[in-house]
Amino acid sequence: MSIARCFAAFLAGACLVAGAAPVAAQAPAGGGEAASRPLPPPFAPDQVLVAFRPGLAGAEVAQVHAAAGARALKRFAVIGVELVAVPAGSVQAVVAFYQRNPNVRYAEPNYYRPLVLPTEGRDPPTALDIDYFTQQWGLHNTGQALLDPETLGTLAATADADIDAPEAWDLTPGSDTVRIAILDSGVECPHVDLATKCLEQKNFTGSSTAADLIGHGTHVAAIAAAETNNGIGTAGVGWNAKFGSIKVCHEYPSESFPLLGMCEVAASVEGLLYAADNGYHVVNMSYGSDPDPYSPSNAERDAIAYAWSKGVVLVAAAGNDYASNRHYPAAFAEVISVAATDRHDNLAYFSTFDKNWVSVAAPGHQILSAYPNAGCGIAADHPEGCYNWLSGTSMAAPHVAGVAALVRAYNPGLSNAEVRSRIEGGADASGALGQNFRAWVKYGRVNAHRALGAGTEPPPSQISLSATGSKVKGVQQADLQWSGAGAAVDVWRNGVTIATNEPNDGAYRDAIGQKGGGTYTYRVCETSTTVCSNEATVSF
(Lines give C-alpha, C1' and ligand atoms only; values in the text may rest on other atoms or scores of the structure.)
Protein backbone atom coordinates (compact mmCIF):
# COMPACT_ATOMS: atom_id res chain seq x y z
CA MET A 1 0.00 0.00 0.00
CA SER A 2 1.24 3.47 -0.86
CA ILE A 3 2.47 5.71 1.93
CA ALA A 4 1.33 9.35 1.94
CA ARG A 5 3.87 12.00 1.11
CA CYS A 6 2.72 15.58 0.57
CA PHE A 7 4.65 18.40 -1.03
CA ALA A 8 3.06 21.81 -0.57
CA ALA A 9 4.02 25.31 -1.72
CA PHE A 10 5.71 27.27 1.07
CA LEU A 11 4.57 24.96 3.89
CA ALA A 12 4.63 21.18 4.34
CA GLY A 13 1.16 19.73 3.83
CA ALA A 14 -0.93 17.19 5.71
CA CYS A 15 -1.89 14.39 3.34
CA LEU A 16 -3.51 11.03 3.79
CA VAL A 17 -4.08 8.09 1.50
CA ALA A 18 -7.38 6.60 2.56
CA GLY A 19 -6.65 3.74 4.93
CA ALA A 20 -2.87 4.22 4.91
CA ALA A 21 -0.56 5.14 7.75
CA PRO A 22 0.25 8.83 7.31
CA VAL A 23 3.85 9.91 7.61
CA ALA A 24 5.63 13.19 8.20
CA ALA A 25 5.57 15.46 5.15
CA GLN A 26 8.81 16.42 3.47
CA ALA A 27 9.74 19.67 1.81
CA PRO A 28 10.80 19.72 -1.84
CA ALA A 29 14.47 19.06 -2.46
CA GLY A 30 16.63 22.15 -2.16
CA GLY A 31 14.40 23.93 0.36
CA GLY A 32 13.95 27.68 0.55
CA GLU A 33 11.27 27.57 -2.13
CA ALA A 34 9.37 30.60 -0.85
CA ALA A 35 12.43 32.82 -0.96
CA SER A 36 13.60 31.56 -4.34
CA ARG A 37 10.32 32.08 -6.19
CA PRO A 38 10.25 35.38 -8.08
CA LEU A 39 7.44 37.76 -7.19
CA PRO A 40 4.81 37.71 -9.93
CA PRO A 41 4.18 40.88 -11.97
CA PRO A 42 0.92 42.78 -11.41
CA PHE A 43 -0.36 42.08 -14.92
CA ALA A 44 0.48 40.40 -18.19
CA PRO A 45 3.35 42.34 -19.76
CA ASP A 46 1.90 42.16 -23.26
CA GLN A 47 -1.91 42.03 -23.01
CA VAL A 48 -4.74 44.54 -22.61
CA LEU A 49 -8.52 44.21 -22.19
CA VAL A 50 -10.48 46.82 -24.13
CA ALA A 51 -14.21 47.49 -24.51
CA PHE A 52 -15.59 49.60 -27.37
CA ARG A 53 -18.82 51.55 -27.58
CA PRO A 54 -21.72 49.40 -28.84
CA GLY A 55 -22.32 49.60 -32.57
CA LEU A 56 -18.80 50.61 -33.56
CA ALA A 57 -18.01 49.16 -36.98
CA GLY A 58 -15.47 46.38 -37.19
CA ALA A 59 -13.31 48.40 -39.56
CA GLU A 60 -13.10 51.23 -37.03
CA VAL A 61 -12.19 48.80 -34.26
CA ALA A 62 -9.43 47.39 -36.43
CA GLN A 63 -8.11 50.89 -37.11
CA VAL A 64 -7.93 51.67 -33.39
CA HIS A 65 -6.08 48.41 -32.71
CA ALA A 66 -3.65 49.12 -35.52
CA ALA A 67 -2.97 52.61 -34.21
CA ALA A 68 -2.30 51.13 -30.76
CA GLY A 69 0.05 48.51 -32.16
CA ALA A 70 -2.31 45.81 -30.86
CA ARG A 71 -3.48 42.48 -32.24
CA ALA A 72 -6.78 40.87 -31.22
CA LEU A 73 -6.40 37.55 -29.38
CA LYS A 74 -9.92 36.83 -28.10
CA ARG A 75 -13.29 38.50 -28.28
CA PHE A 76 -15.87 38.16 -25.52
CA ALA A 77 -18.74 39.23 -27.72
CA VAL A 78 -21.59 39.08 -25.17
CA ILE A 79 -19.95 41.79 -23.06
CA GLY A 80 -18.22 43.64 -25.92
CA VAL A 81 -14.67 43.10 -24.64
CA GLU A 82 -11.53 42.11 -26.52
CA LEU A 83 -8.23 40.74 -25.27
CA VAL A 84 -5.41 42.13 -27.39
CA ALA A 85 -1.68 41.51 -27.61
CA VAL A 86 0.60 44.54 -27.40
CA PRO A 87 4.39 44.96 -27.46
CA ALA A 88 5.97 43.73 -24.24
CA GLY A 89 6.40 46.52 -21.71
CA SER A 90 3.92 48.87 -23.40
CA VAL A 91 0.76 47.94 -21.47
CA GLN A 92 0.30 51.16 -19.49
CA ALA A 93 1.00 53.37 -22.49
CA VAL A 94 -1.41 51.39 -24.68
CA VAL A 95 -4.12 51.52 -22.00
CA ALA A 96 -3.72 55.30 -21.85
CA PHE A 97 -3.91 55.47 -25.66
CA TYR A 98 -7.16 53.51 -25.76
CA GLN A 99 -8.68 55.55 -22.93
CA ARG A 100 -8.20 58.76 -24.92
CA ASN A 101 -10.41 57.39 -27.68
CA PRO A 102 -14.08 58.44 -27.25
CA ASN A 103 -15.21 55.15 -28.81
CA VAL A 104 -13.60 53.14 -25.98
CA ARG A 105 -15.67 52.40 -22.87
CA TYR A 106 -12.65 51.24 -20.92
CA ALA A 107 -9.22 49.69 -21.29
CA GLU A 108 -7.23 47.93 -18.58
CA PRO A 109 -4.29 45.54 -18.16
CA ASN A 110 -4.93 41.80 -18.00
CA TYR A 111 -4.31 41.74 -14.28
CA TYR A 112 -2.72 38.82 -12.48
CA ARG A 113 -3.93 37.54 -9.14
CA PRO A 114 -1.51 35.31 -7.25
CA LEU A 115 -3.28 32.23 -5.92
CA VAL A 116 -1.20 31.49 -2.84
CA LEU A 117 -1.94 28.12 -1.29
CA PRO A 118 -3.60 28.53 2.11
CA THR A 119 -1.98 27.44 5.35
CA GLU A 120 -1.49 23.74 5.87
CA GLY A 121 -0.38 21.41 8.64
CA ARG A 122 1.77 18.29 8.94
CA ASP A 123 1.08 14.59 8.85
CA PRO A 124 0.65 12.77 12.17
CA PRO A 125 3.44 10.27 12.92
CA THR A 126 1.22 7.22 13.40
CA ALA A 127 -1.91 5.73 11.88
CA LEU A 128 -5.10 6.97 13.51
CA ASP A 129 -7.67 4.91 11.58
CA ILE A 130 -9.35 8.17 10.67
CA ASP A 131 -13.10 8.30 10.13
CA TYR A 132 -13.02 11.01 7.50
CA PHE A 133 -16.55 12.30 8.07
CA THR A 134 -15.95 12.86 11.79
CA GLN A 135 -13.04 15.08 10.76
CA GLN A 136 -15.38 17.24 8.67
CA TRP A 137 -16.38 19.37 11.63
CA GLY A 138 -17.75 22.06 9.33
CA LEU A 139 -20.51 19.72 8.20
CA HIS A 140 -21.37 18.07 11.52
CA ASN A 141 -19.77 19.22 14.76
CA THR A 142 -20.59 17.31 17.95
CA GLY A 143 -17.60 18.60 19.89
CA GLN A 144 -15.69 15.52 18.73
CA ALA A 145 -11.94 15.10 19.00
CA LEU A 146 -10.24 16.23 15.82
CA LEU A 147 -6.84 15.49 14.40
CA ASP A 148 -4.74 18.66 14.57
CA PRO A 149 -2.51 18.64 11.46
CA GLU A 150 -0.43 21.50 12.90
CA THR A 151 0.51 20.03 16.29
CA LEU A 152 0.19 16.32 15.41
CA GLY A 153 -2.10 15.82 18.37
CA THR A 154 -5.84 16.00 18.86
CA LEU A 155 -8.03 18.89 19.83
CA ALA A 156 -11.64 19.47 20.75
CA ALA A 157 -14.27 21.19 18.68
CA THR A 158 -17.42 22.99 19.84
CA ALA A 159 -20.74 21.30 19.27
CA ASP A 160 -22.96 22.87 16.60
CA ALA A 161 -20.19 25.05 15.15
CA ASP A 162 -21.19 23.72 11.74
CA ILE A 163 -23.55 24.24 8.79
CA ASP A 164 -26.03 21.50 9.82
CA ALA A 165 -25.34 19.46 6.70
CA PRO A 166 -26.90 16.13 7.86
CA GLU A 167 -30.07 17.97 8.84
CA ALA A 168 -30.19 19.52 5.37
CA TRP A 169 -29.52 16.14 3.71
CA ASP A 170 -32.52 14.75 5.59
CA LEU A 171 -34.60 17.20 3.52
CA THR A 172 -32.77 16.66 0.23
CA PRO A 173 -29.63 14.89 -0.98
CA GLY A 174 -29.48 17.37 -3.82
CA SER A 175 -29.77 16.55 -7.50
CA ASP A 176 -27.35 15.44 -10.19
CA THR A 177 -29.04 17.90 -12.54
CA VAL A 178 -27.61 20.82 -10.55
CA ARG A 179 -24.21 21.90 -11.88
CA ILE A 180 -21.48 23.81 -10.02
CA ALA A 181 -18.73 25.48 -12.04
CA ILE A 182 -15.45 25.35 -10.11
CA LEU A 183 -13.42 28.27 -11.47
CA ASP A 184 -9.99 27.48 -10.07
CA SER A 185 -6.65 25.79 -10.81
CA GLY A 186 -8.31 22.79 -12.43
CA VAL A 187 -9.51 19.62 -10.71
CA GLU A 188 -8.03 16.12 -10.57
CA CYS A 189 -11.14 14.51 -11.98
CA PRO A 190 -9.85 10.89 -11.87
CA HIS A 191 -9.68 11.18 -8.04
CA VAL A 192 -11.74 8.41 -6.48
CA ASP A 193 -14.00 10.90 -4.67
CA LEU A 194 -14.56 13.05 -7.77
CA ALA A 195 -14.55 10.80 -10.84
CA THR A 196 -18.32 10.27 -11.00
CA LYS A 197 -19.06 13.93 -10.25
CA CYS A 198 -16.85 15.69 -12.80
CA LEU A 199 -18.78 16.73 -15.91
CA GLU A 200 -15.96 18.25 -17.94
CA GLN A 201 -12.56 19.91 -17.80
CA LYS A 202 -12.06 23.22 -19.60
CA ASN A 203 -8.81 25.14 -19.69
CA PHE A 204 -8.90 28.91 -20.27
CA THR A 205 -5.28 29.49 -19.22
CA GLY A 206 -1.91 29.28 -20.90
CA SER A 207 -1.19 26.00 -19.11
CA SER A 208 -0.61 22.97 -21.30
CA THR A 209 -3.00 20.88 -19.22
CA ALA A 210 -6.50 21.14 -17.78
CA ALA A 211 -5.35 19.08 -14.78
CA ASP A 212 -4.76 20.51 -11.30
CA LEU A 213 -1.01 20.79 -10.70
CA ILE A 214 -1.49 23.07 -7.69
CA GLY A 215 -3.95 21.24 -5.46
CA HIS A 216 -6.25 24.16 -4.76
CA GLY A 217 -9.03 23.41 -7.25
CA THR A 218 -9.28 19.73 -6.34
CA HIS A 219 -9.65 20.58 -2.65
CA VAL A 220 -12.31 23.21 -3.41
CA ALA A 221 -14.31 20.95 -5.75
CA ALA A 222 -14.50 18.13 -3.22
CA ILE A 223 -15.79 20.44 -0.46
CA ALA A 224 -18.67 21.45 -2.72
CA ALA A 225 -19.45 18.17 -4.45
CA ALA A 226 -17.36 15.12 -3.52
CA GLU A 227 -19.01 11.73 -3.80
CA THR A 228 -21.03 11.38 -0.58
CA ASN A 229 -22.01 8.32 1.44
CA ASN A 230 -19.84 6.06 -0.70
CA GLY A 231 -17.61 4.75 2.09
CA ILE A 232 -14.57 6.59 0.71
CA GLY A 233 -12.89 9.79 1.84
CA THR A 234 -14.97 12.87 2.50
CA ALA A 235 -18.51 14.11 1.86
CA GLY A 236 -19.43 17.01 -0.44
CA VAL A 237 -21.93 19.59 0.78
CA GLY A 238 -23.95 19.41 -2.44
CA TRP A 239 -24.16 15.58 -2.17
CA ASN A 240 -25.62 14.63 -5.58
CA ALA A 241 -24.63 17.87 -7.33
CA LYS A 242 -22.13 17.59 -10.17
CA PHE A 243 -19.39 20.02 -11.10
CA GLY A 244 -17.35 21.21 -14.02
CA SER A 245 -13.65 22.00 -13.72
CA ILE A 246 -13.15 25.42 -15.33
CA LYS A 247 -9.44 26.16 -15.14
CA VAL A 248 -8.82 29.91 -14.83
CA CYS A 249 -5.69 29.80 -12.66
CA HIS A 250 -2.47 28.41 -14.09
CA GLU A 251 0.78 27.17 -12.62
CA TYR A 252 3.47 29.71 -11.84
CA PRO A 253 6.26 29.87 -12.73
CA SER A 254 6.38 26.39 -14.33
CA GLU A 255 4.55 23.08 -14.49
CA SER A 256 5.70 20.79 -11.68
CA PHE A 257 3.68 19.87 -8.59
CA PRO A 258 3.13 21.85 -6.39
CA LEU A 259 3.17 25.53 -7.32
CA LEU A 260 1.95 29.00 -6.77
CA GLY A 261 -1.12 29.69 -8.91
CA MET A 262 -1.72 32.69 -11.14
CA CYS A 263 -5.24 33.79 -12.06
CA GLU A 264 -5.62 36.16 -15.00
CA VAL A 265 -8.65 38.44 -15.22
CA ALA A 266 -9.10 37.47 -18.87
CA ALA A 267 -9.36 33.79 -17.87
CA SER A 268 -11.79 34.67 -15.07
CA VAL A 269 -13.95 36.52 -17.61
CA GLU A 270 -13.87 33.63 -20.07
CA GLY A 271 -14.70 31.10 -17.35
CA LEU A 272 -17.64 33.14 -16.09
CA LEU A 273 -19.09 33.56 -19.56
CA TYR A 274 -18.63 29.87 -20.34
CA ALA A 275 -20.39 28.82 -17.13
CA ALA A 276 -23.25 31.25 -17.77
CA ASP A 277 -23.80 29.98 -21.32
CA ASN A 278 -23.40 26.26 -20.64
CA GLY A 279 -26.00 25.36 -18.07
CA TYR A 280 -24.21 25.91 -14.77
CA HIS A 281 -26.39 26.93 -11.85
CA VAL A 282 -23.66 27.92 -9.37
CA VAL A 283 -20.17 29.36 -9.85
CA ASN A 284 -17.50 29.11 -7.15
CA MET A 285 -14.56 31.52 -7.32
CA SER A 286 -12.00 30.84 -4.59
CA TYR A 287 -9.57 33.48 -5.84
CA GLY A 288 -9.35 37.22 -5.65
CA SER A 289 -7.45 40.37 -4.73
CA ASP A 290 -7.22 42.80 -7.57
CA PRO A 291 -4.38 45.25 -8.07
CA ASP A 292 -3.94 48.70 -6.54
CA PRO A 293 -4.31 46.45 -4.52
CA TYR A 294 -8.06 45.83 -4.31
CA SER A 295 -9.71 47.70 -7.20
CA PRO A 296 -12.18 45.87 -9.45
CA SER A 297 -11.74 44.94 -13.08
CA ASN A 298 -14.29 46.45 -15.46
CA ALA A 299 -14.21 43.38 -17.71
CA GLU A 300 -14.79 41.05 -14.80
CA ARG A 301 -17.58 43.31 -13.54
CA ASP A 302 -19.31 42.95 -16.92
CA ALA A 303 -18.82 39.16 -16.89
CA ILE A 304 -20.24 38.92 -13.36
CA ALA A 305 -23.28 40.99 -14.39
CA TYR A 306 -23.79 38.78 -17.45
CA ALA A 307 -23.63 35.55 -15.45
CA TRP A 308 -26.09 36.97 -12.92
CA SER A 309 -28.45 37.96 -15.74
CA LYS A 310 -28.37 34.32 -16.91
CA GLY A 311 -29.58 33.11 -13.51
CA VAL A 312 -26.27 31.89 -12.04
CA VAL A 313 -25.66 31.98 -8.27
CA LEU A 314 -22.22 33.49 -7.76
CA VAL A 315 -20.02 32.65 -4.75
CA ALA A 316 -16.49 33.89 -3.98
CA ALA A 317 -13.89 33.84 -1.23
CA ALA A 318 -13.74 37.14 0.67
CA GLY A 319 -9.96 37.10 1.18
CA ASN A 320 -7.32 36.13 3.73
CA ASP A 321 -5.89 39.43 4.98
CA TYR A 322 -7.73 39.72 8.34
CA ALA A 323 -8.95 43.18 7.36
CA SER A 324 -11.93 44.77 5.63
CA ASN A 325 -10.26 45.49 2.26
CA ARG A 326 -12.60 44.69 -0.61
CA HIS A 327 -11.43 41.74 -2.65
CA TYR A 328 -12.79 41.07 -6.12
CA PRO A 329 -14.68 39.24 -7.49
CA ALA A 330 -16.13 38.72 -3.98
CA ALA A 331 -17.01 42.39 -3.49
CA PHE A 332 -19.14 42.71 -6.62
CA ALA A 333 -22.75 43.29 -5.63
CA GLU A 334 -24.04 40.17 -7.38
CA VAL A 335 -21.66 37.84 -5.52
CA ILE A 336 -22.15 36.03 -2.20
CA SER A 337 -18.85 36.85 -0.50
CA VAL A 338 -17.73 34.34 2.12
CA ALA A 339 -15.55 34.75 5.22
CA ALA A 340 -14.10 31.80 7.17
CA THR A 341 -14.84 30.41 10.64
CA ASP A 342 -13.05 27.85 12.78
CA ARG A 343 -14.23 24.75 14.65
CA HIS A 344 -15.49 26.90 17.55
CA ASP A 345 -17.50 29.33 15.36
CA ASN A 346 -14.91 32.05 15.81
CA LEU A 347 -13.80 34.14 12.85
CA ALA A 348 -10.71 32.40 11.44
CA TYR A 349 -7.56 34.29 12.33
CA PHE A 350 -6.75 35.01 8.67
CA SER A 351 -10.22 35.81 7.32
CA THR A 352 -11.27 39.06 5.70
CA PHE A 353 -14.36 40.46 7.42
CA ASP A 354 -16.73 43.39 6.98
CA LYS A 355 -20.38 43.59 7.94
CA ASN A 356 -21.12 45.91 5.02
CA TRP A 357 -19.94 43.82 2.06
CA VAL A 358 -19.01 40.31 3.26
CA SER A 359 -22.25 38.35 2.99
CA VAL A 360 -21.83 35.22 5.12
CA ALA A 361 -19.23 33.12 6.89
CA ALA A 362 -18.61 29.37 6.52
CA PRO A 363 -16.12 26.81 7.85
CA GLY A 364 -12.65 27.52 6.46
CA HIS A 365 -9.99 26.54 9.01
CA GLN A 366 -8.30 23.11 8.87
CA ILE A 367 -10.73 21.69 6.32
CA LEU A 368 -10.14 18.10 5.21
CA SER A 369 -10.85 17.44 1.52
CA ALA A 370 -9.55 15.64 -1.56
CA TYR A 371 -6.11 16.52 -2.94
CA PRO A 372 -4.24 15.60 -6.14
CA ASN A 373 -2.81 12.13 -5.80
CA ALA A 374 0.63 13.40 -6.81
CA GLY A 375 0.70 15.08 -3.41
CA CYS A 376 0.63 11.60 -1.86
CA GLY A 377 2.97 10.06 -4.42
CA ILE A 378 0.29 7.84 -5.94
CA ALA A 379 -1.25 7.44 -9.39
CA ALA A 380 -4.03 9.83 -10.42
CA ASP A 381 -6.58 6.97 -10.56
CA HIS A 382 -5.46 5.31 -7.31
CA PRO A 383 -8.50 3.57 -5.71
CA GLU A 384 -7.90 5.08 -2.28
CA GLY A 385 -7.15 8.71 -3.07
CA CYS A 386 -5.22 11.49 -1.40
CA TYR A 387 -6.68 13.92 1.18
CA ASN A 388 -5.33 17.05 2.81
CA TRP A 389 -6.13 19.79 5.30
CA LEU A 390 -6.14 23.36 3.97
CA SER A 391 -7.28 26.64 5.48
CA GLY A 392 -8.57 29.80 3.84
CA THR A 393 -11.69 31.59 2.69
CA SER A 394 -11.02 29.49 -0.42
CA MET A 395 -12.30 26.56 1.64
CA ALA A 396 -15.24 28.51 3.08
CA ALA A 397 -16.69 29.55 -0.29
CA PRO A 398 -17.35 26.02 -1.65
CA HIS A 399 -19.33 25.19 1.49
CA VAL A 400 -21.71 27.95 0.38
CA ALA A 401 -21.64 26.82 -3.26
CA GLY A 402 -22.67 23.36 -2.08
CA VAL A 403 -25.50 24.84 -0.04
CA ALA A 404 -26.64 26.81 -3.10
CA ALA A 405 -26.78 23.53 -5.04
CA LEU A 406 -28.94 21.96 -2.31
CA VAL A 407 -31.32 24.94 -2.28
CA ARG A 408 -31.61 24.83 -6.06
CA ALA A 409 -32.34 21.09 -5.99
CA TYR A 410 -34.94 21.45 -3.23
CA ASN A 411 -36.62 24.41 -4.91
CA PRO A 412 -35.88 24.13 -8.65
CA GLY A 413 -38.14 27.04 -9.55
CA LEU A 414 -36.22 29.61 -7.52
CA SER A 415 -34.34 32.41 -9.25
CA ASN A 416 -30.70 33.06 -8.40
CA ALA A 417 -31.77 36.08 -6.32
CA GLU A 418 -34.17 33.85 -4.37
CA VAL A 419 -31.51 31.18 -3.81
CA ARG A 420 -29.18 33.85 -2.53
CA SER A 421 -31.89 35.24 -0.27
CA ARG A 422 -32.51 31.75 1.20
CA ILE A 423 -28.81 31.32 1.96
CA GLU A 424 -28.39 34.75 3.51
CA GLY A 425 -31.73 34.73 5.28
CA GLY A 426 -31.08 31.28 6.70
CA ALA A 427 -27.66 32.10 8.11
CA ASP A 428 -27.18 31.80 11.87
CA ALA A 429 -26.81 35.22 13.48
CA SER A 430 -25.21 33.73 16.61
CA GLY A 431 -22.46 31.17 16.98
CA ALA A 432 -22.20 28.01 19.06
CA LEU A 433 -20.54 30.00 21.85
CA GLY A 434 -22.86 32.98 21.47
CA GLN A 435 -20.67 34.90 19.01
CA ASN A 436 -22.32 37.75 17.13
CA PHE A 437 -21.59 36.78 13.55
CA ARG A 438 -23.10 40.05 12.34
CA ALA A 439 -20.22 41.93 13.88
CA TRP A 440 -18.04 40.28 11.19
CA VAL A 441 -20.35 39.68 8.22
CA LYS A 442 -23.71 40.97 7.09
CA TYR A 443 -25.91 37.92 7.70
CA GLY A 444 -24.11 35.28 9.74
CA ARG A 445 -22.60 31.82 9.40
CA VAL A 446 -24.32 29.81 6.70
CA ASN A 447 -26.75 27.08 7.81
CA ALA A 448 -27.70 24.57 5.11
CA HIS A 449 -30.78 23.30 6.97
CA ARG A 450 -32.24 26.76 7.47
CA ALA A 451 -31.36 27.77 3.90
CA LEU A 452 -33.76 25.03 2.77
CA GLY A 453 -36.52 26.77 4.70
CA ALA A 454 -36.37 25.04 8.08
CA GLY A 455 -36.97 27.73 10.71
CA THR A 456 -35.88 30.48 8.37
CA GLU A 457 -37.04 34.01 8.97
CA PRO A 458 -36.45 36.87 6.54
CA PRO A 459 -33.20 38.64 7.36
CA PRO A 460 -33.71 41.91 9.18
CA SER A 461 -33.29 44.96 7.01
CA GLN A 462 -29.93 46.54 7.69
CA ILE A 463 -30.51 49.42 5.29
CA SER A 464 -32.11 52.44 6.96
CA LEU A 465 -33.74 54.94 4.58
CA SER A 466 -35.16 58.41 5.15
CA ALA A 467 -36.67 60.79 2.60
CA THR A 468 -37.73 64.42 2.60
CA GLY A 469 -39.60 66.33 -0.09
CA SER A 470 -39.30 69.94 -1.23
CA LYS A 471 -40.29 72.17 -4.13
CA VAL A 472 -38.13 74.46 -6.18
CA LYS A 473 -40.24 77.02 -8.02
CA GLY A 474 -43.20 74.70 -7.53
CA VAL A 475 -41.42 71.61 -8.96
CA GLN A 476 -41.22 68.53 -6.75
CA GLN A 477 -37.99 66.87 -5.67
CA ALA A 478 -37.10 64.31 -2.98
CA ASP A 479 -33.84 63.91 -1.09
CA LEU A 480 -33.03 60.36 0.04
CA GLN A 481 -30.43 59.31 2.58
CA TRP A 482 -29.58 55.79 3.73
CA SER A 483 -27.01 53.75 5.62
CA GLY A 484 -26.06 50.08 5.92
CA ALA A 485 -26.06 49.19 2.23
CA GLY A 486 -23.37 47.52 0.14
CA ALA A 487 -21.25 48.73 -2.76
CA ALA A 488 -24.12 49.51 -5.13
CA VAL A 489 -27.84 50.15 -4.65
CA ASP A 490 -30.87 50.59 -6.85
CA VAL A 491 -33.27 53.39 -6.00
CA TRP A 492 -36.97 52.49 -6.35
CA ARG A 493 -39.90 54.89 -6.60
CA ASN A 494 -43.43 53.48 -6.50
CA GLY A 495 -42.18 50.00 -7.40
CA VAL A 496 -39.98 51.05 -10.35
CA THR A 497 -36.18 51.36 -10.42
CA ILE A 498 -35.25 54.96 -11.21
CA ALA A 499 -31.49 54.96 -10.63
CA THR A 500 -28.46 52.92 -9.64
CA ASN A 501 -26.14 54.46 -7.09
CA GLU A 502 -22.63 53.06 -7.62
CA PRO A 503 -20.38 53.53 -5.84
CA ASN A 504 -22.88 53.83 -3.04
CA ASP A 505 -22.56 57.23 -1.34
CA GLY A 506 -25.70 56.96 0.78
CA ALA A 507 -27.63 59.78 -0.87
CA TYR A 508 -29.73 60.50 -3.94
CA ARG A 509 -31.84 63.45 -5.13
CA ASP A 510 -34.88 62.47 -7.16
CA ALA A 511 -35.79 65.32 -9.50
CA ILE A 512 -39.42 64.29 -9.80
CA GLY A 513 -40.18 67.20 -12.09
CA GLN A 514 -43.91 67.38 -11.31
CA LYS A 515 -46.00 70.20 -9.91
CA GLY A 516 -48.98 70.08 -7.59
CA GLY A 517 -49.68 67.16 -5.24
CA GLY A 518 -48.66 63.53 -5.16
CA THR A 519 -47.32 60.71 -2.97
CA TYR A 520 -44.11 58.81 -3.68
CA THR A 521 -42.88 55.68 -1.90
CA TYR A 522 -39.15 54.96 -1.99
CA ARG A 523 -36.93 51.98 -1.24
CA VAL A 524 -33.26 51.28 -1.90
CA CYS A 525 -32.10 47.72 -2.57
CA GLU A 526 -28.60 46.35 -2.97
CA THR A 527 -28.12 45.86 -6.69
CA SER A 528 -29.16 42.44 -8.00
CA THR A 529 -30.32 41.24 -4.55
CA THR A 530 -33.47 41.15 -2.45
CA VAL A 531 -31.79 43.08 0.36
CA CYS A 532 -33.84 46.26 0.67
CA SER A 533 -34.44 49.14 3.05
CA ASN A 534 -37.60 50.17 4.80
CA GLU A 535 -40.09 52.17 2.76
CA ALA A 536 -40.00 55.96 3.02
CA THR A 537 -42.90 58.07 1.76
CA VAL A 538 -42.90 61.67 0.56
CA SER A 539 -46.20 63.50 0.04
CA PHE A 540 -46.81 66.87 -1.57
Side-chain angles (χ1 to χ4, degrees), residues 41-113 183 202 204-206 246 248 263-278 280 283 285 290-292 295-312 314 328-329 331-335 487-488 490 497-503 527-528:
F43 48 77
D46 57 356
Q47 293 179 354
V48 168
L49 288 158
V50 58
F52 289 93
R53 301 288 179 192
L56 190 66
E60 293 182 81
V61 170
Q63 287 177 354
V64 177
H65 287 331
R71 174 175 54 87
L73 297 174
K74 292 182 179 179
R75 176 166 172 75
F76 308 122
V78 294
I79 58 171
V81 174
E82 294 188 18
L83 177 67
V84 299
V86 301
S90 69
V91 167
Q92 290 168 311
V94 172
V95 166
F97 174 83
Y98 277 120
Q99 288 174 336
R100 290 192 294 269
N101 190 312
N103 289 317
V104 171
R105 291 192 291 123
Y106 58 78
E108 61 188 22
N110 182 17
Y111 288 116
Y112 287 164
R113 294 170 173 164
L183 271 60
K202 302 294 291 187
F204 296 125
T205 75
I246 313 299
V248 299
C263 312
E264 299 180 14
V265 163
S268 175
V269 167
E270 191 166 10
L272 280 161
L273 299 181
Y274 180 85
D277 287 337
N278 286 276
Y280 285 94
V283 164
M285 299 168 284
D290 269 286
D292 298 329
S295 60
S297 155
N298 290 298
E300 190 173 53
R301 182 196 303 274
D302 287 348
I304 287 284
Y306 178 78
W308 179 264
S309 75
K310 299 284 282 188
V312 180
L314 302 162
Y328 294 90
F332 287 119
E334 298 89 345
V335 178
D490 295 329
T497 303
I498 60 172
T500 295
N501 191 291
E502 183 180 8
T527 299
S528 302

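A quick note: this is a predicted structure, and the numbers were derived from the prediction, not measured. For the single chain, residues carry numbers from 1 onward in sequence order.
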Hey, does [Y] have a side-chain heavy atom less than 4.5 Å from the side chain of [X]?
X      : Y      : value
Pro296 : Glu108 : no
Leu314 : Met285 : yes
Arg105 : Tyr98  : no

Rounded to the nearest 0.5 Å, what separation is found between the [atom1] atom of [X] and the [atom2] atom of [Y]?
X      : Y      : atom1 : atom2 : value
Asp302 : Tyr106 : CG    : OH    : 3.5 Å
Tyr328 : Arg301 : OH    : CZ    : 6.5 Å
Ile246 : Leu183 : CD1   : CG    : 6.0 Å

Which atom pairs, one a donor and one an acceptor, fall under 3.5 Å between side chains of residues 89-97 and the rest of the protein, sequence neighbours left out?
residue	atom	partner	partner atom	Å
Ser90	OG	Pro87	O	2.6

Identify every side-chain donor-acceptor pair in residues 266-278 under 3.5 Å, counting partners at least two apart or on other chains, and give the distances.
residue	atom	partner	partner atom	Å
Ser268	OG	Tyr287	OH	2.9
Ser268	OG	Glu300	OE2	2.5
Glu270	OE1	Lys74	NZ	2.7
Tyr274	OH	Glu200	OE1	2.8
Tyr274	OH	Glu200	OE2	3.1
Asp277	OD1	Tyr306	OH	2.6
Asp277	OD2	Tyr306	OH	3.4
Asn278	ND2	Tyr274	O	2.8

By side-chain hydrogen bond (donor to acceptor under 3.5 Å, both in side chains) - contacts of Thr500 (at least two apart) |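 With sequence neighbours excluded, Thr500 shows a side-chain hydrogen bond (donor to acceptor under 3.5 Å, both in side chains) to Asp490, given in chain and number order.
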Kindly write out the residues that satisfy side-chain hydrogen bond (donor to acceptor under 3.5 Å, both in side chains) with Arg75, not counting sequence neighbours, or none if the list is empty.
->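 Scan of Arg75 (side-chain hydrogen bond (donor to acceptor under 3.5 Å, both in side chains), adjacent residues dropped) gives Glu82.
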Hey, can you pull the donor-acceptor pairs under 3.5 Å for the side chains in residues 45-61, sequence neighbours left out?
residue	atom	partner	partner atom	Å
Gln47	OE1	Asn110	ND2	2.8
Arg53	NE	Pro102	O	3.2

Which residue pairs pass the salt bridge (Lys or Arg N to Asp or Glu O under 4.0 Å) test with at least one member in residues 90-104, sequence neighbours excluded?
->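 Qualifying pairs, neighbours excluded: none.
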Which atom of Ile304 lies closest to which atom of Pro329, heavy atoms considered =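 The pair with the smallest heavy-atom distance is CD1-CB, 4.2 Å.
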Just by distance, do the side chain of Glu264 and the backbone of Thr205 share a donor-acceptor pair under 3.5 Å?
->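 No; judged by distance alone, with no hydrogens or angles, the pair does not exist.
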